[in-house]
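In the text below, chain A, chain B and the rest are named by the order of the sequence lines, each starting its count at 1.
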Number of protein chains: 2
Amino acid sequence: MTRPTFHDFKKKALRDPGVREEYESLAAAYHLKKKLIGLRKKAGLTQEELAEKLNTQKSNISRLENVNSKISPKLSTIEEYAKAVGFKLELDFLPIKTLKPHNDANSADAKSRAAD
Amino acid sequence: MTRPTFHDFKKKALRDPGVREEYESLAAAYHLKKKLIGLRKKAGLTQEELAEKLNTQKSNISRLENVNSKISPKLSTIEEYAKAVGFKLELDFLPIKTLKPHNDANSADAKSRAAD
DNA sequence: GGATATGTTATCATATATGATAACCTTGTC
DNA sequence: GACAAGGTTATCATATATGATAACATATCC
């Protein structure tokens, strides 16, 4: 694959505190939905086709993907969506960085990554 | 009642090919709850203390963490929990290895992922 | 224009997560 | 035994995600 993975991008981007801040804010709401759309299209599926795989309606897929909708989906919904488009959802818990006045070269952030 | 350990659960689940399909999500759910408990304890909080930080009741925290509960929490619930114990939730989508139609009895599929 | 494909929005019904209260169970301490 | 701390379970009320149907909007193609 020529494109950098999300992990690669993330790793690099998070080194920059400015980028990190934006990343954090986007992560929750906006990023997920764009991510889902991207995965679905990568799988070559329309909303209607995906809806059929998930035994639901295209309007519900639209609502899930729509940035304007304020819903916070259930975990299982995202998991099923991911599986239907060929991906597995993984949850990572990253320690919240308490910004110290000066931080050394090797921040312990990535090391103390708390996910499996 | 006695709660099943993860190994008990895994053995039982993998023994029956019929539940193989379900294994991923169930294991993920089991893992999540264990993960949450670990993070809370690492933060040095009791269920009651965490409940207070989240403006809710300890019984609700228990329900969320309890393996026996069949709920699939909202993403926002997990996010808020994580934040309250000092972590940030990140979602990653990992491509599912597409298996060849060669499915004999001991496919290593679930095995490789189940390793912890 | 008419038709098709894709996605959106509105609305209602239903399922389920969460809030809240109370009772209960262990374990430990006195 | 009495008590407290930490966690569990049951139950009800409420909030909200999801299921379902229909109408609408835009393209695109004939």
Closest nucleotide among D:dG7, D:dA17, C:dT6 to the B:Q47 side chain: D:dG7
Closest nucleotide among C:dA17, D:dA20, C:dG19 to the A:N60 side chain: D:dA20
For [X], report the nucleic acid contact type (base, sugar-phosphate, nothing); a contact means any heavy atom under 4.0 Å.
X     : value
A:S72 : sugar-phosphate
A:S62 : base
B:T56 : sugar-phosphate

Contact under 4.0 Å: [X] side-chain N or O vs [N] OP1/OP2:
X     : N      : result
A:N55 : D:dG19 : no
A:N66 : C:dG7  : no
B:Q57 : C:dA20 : yes

A:T77 or B:R40, whichever maps to the more 5' nucleotide of DNA chain D: B:R40
Between [X] ([atom1]) and [N] ([atom2]), how many Å, whole number?
X     : N      : atom1 : atom2 : value
B:K70 : C:dA17 : NZ    : P     : 12 Å
B:E79 : C:dT18 : CD    : P     : 12 Å
A:K58 : C:dA5  : NZ    : P     : 10 Å
B:L36 : D:dG7  : CG    : P     : 14 Å
A:E48 : D:dT21 : CD    : P     : 13 Å
A:I71 : C:dT9  : CD1   : C1'   : 14 Å
B:I78 : C:dT18 : CD1   : P     : 7 Å
B:L75 : D:dA15 : CG    : P     : 22 Å

CZ on B:F93 to CD on A:E90, rounded to 0.5 Å: 11.0 Å
Residue whose nearest DNA chain C nucleotide is more 5′ - A:E49 or A:S59: A:E49
pair A:Y81-A:E65: side-chain heavy atoms closer than 4.5 Å: yes
Heavy-atom check, side chain of B:V85 versus side chain of B:L36, under 4.5 Å: no
Ion pair check, B:R40 and B:E49, cut-off under 4.0 Å: no
Minimum heavy-atom distance A:A51-A:K58, with the two atoms named: CB-N, 3.5 Å
Base C:dG7 to side chain A:R63, donor-acceptor N/O within 3.5 Å cut-off: no
